[in-house]
Amino acid sequence: MRIIKVENYEQLSREVADLIAAEIREKPKCVLGLATGSTPVGAYKLLVRAYESGEIDFSEITSVNLDEYCGLPPDNPESYRRFMDENLFNHINIDKAKTHVPNGMAESLDAEAKGYEALIKSLGGIDLQLLGMGHNGHIGFNEPDEEFKALTHHVHLAEQTIKANSRFFESPEDVPKSAITMGIETIMHAKKIIIAVSGNDKANILKKALFGTITPRIPASILRLHNNLTVVTDCLT
Ligand code: F6R
């Protein structure tokens, strides 16, 4: 595990954007696993800037997103598809047909989850997976649990996650109660993983995840078993 300690969110965004840009330069046809939430927004902005100044070409990239809320249509302002379009895809030369986000409106969410897993396999797996981490240690929407859930699946969101994500909605009642998420095994199969963690309010859970017991109660703790993990954080001194 490599830990890149930075001073603030700006530096974190710069490091993450640089790591993603390096991957794209090394492998222009790479499969990027992407995340939503507040953490990657700064890095996405820098990637857009790099594209605009001709430094990166996204034309051959394929992307797969970690997760999507159930019950929100893709054009809903809070859907993760819309988030990706607005924060990244609409501003770069990626082929939208090669950007994948689980369909949270699918009639059968289990079939959708299975299909998403098969899609990732058919792409040859994920070259570089970007992750954020929730205040309860979740990655994707793999919430604290008795066991690690392996593959892409339909999940009920933890109360803490609903509360945390309600900042994007008018009220907590509007936050969807479930989602489709890549599983722990799906994530661990990525060839490289970057986890970006920002803010003092995540310092304790990050320390537990990186230096405490590996347990499904703190889903991010399993990442230490990955052989190419980079942690970029402004909350470790
Ligand atoms: C988003 C995702 C989540 C977030 C996590 C942190 O696709 O899978 O695990 O990465 O909830 O969210 P922020 O960055 O908003 O603190």
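Counting starts at 1 for both ligands and their atoms, following the listed order.
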Considering only heavy atoms of [X], which atoms of ligand 1 have at least one such atom less than 4.0 Å away?
X	value
T39	13 (P), 14 (O), 16 (O)
K202	6 (C), 13 (P), 16 (O)
L66	8 (O)
D67	1 (C), 2 (C), 7 (O), 8 (O)
G132	10 (O)

protein heavy-atom neighbour closest to atom 6 (C) of ligand 1 works out as M133 O, 3.4 Å
How close does the nearest protein non-hydrogen atom get to atom 5 (C) of ligand 1, and which residue and atom is it?
-> H138 NE2, 3.4 Å
Proximity of R167 to ligand 1 by residue part, where a heavy atom lies under 4.0 Å =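 Contact part for R167 vs ligand 1: side chain (C-beta onward).
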Using a cut-off of 6.0 Å, state whether more than 12 heavy atoms not belonging to E159 lie near its atom CD.
->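 Count not over threshold, so no.
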Should we say atom NZ of K208 is surrounded by more than 12 heavy atoms from elsewhere, each under 6.0 Å from it?
->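 Atom NZ in K208 is not crowded, with 12 or fewer foreign heavy atoms closer than 6.0 Å.
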Under a plain distance cut-off of 3.5 Å, with no hydrogens placed, do [Y] and [X] share a side-chain donor-acceptor pair?
X	Y	result
H154	D110	no
Y51	D57	no
T161	H138	yes

Any N or O of T36 closer than 3.5 Å to N or O of ligand 1 = yes
Quick one: does K207's side chain get under 4.5 Å of L236's, heavy atoms only?
-> yes
Could you walk me through whether L34 and F89 pass the side chain to side chain contact (heavy atoms under 4.5 Å, CB included) test, one step at a time?
-> CA-CA 11 Å; L34 298 175; F89 301 151; 3.9 Å; yes
Best match, G134, G140, A35: closest heavy atom to atom 3 (C) of ligand 1 =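 Among G134, G140, A35, the closest heavy atom to atom 3 (C) of ligand 1 belongs to G140.
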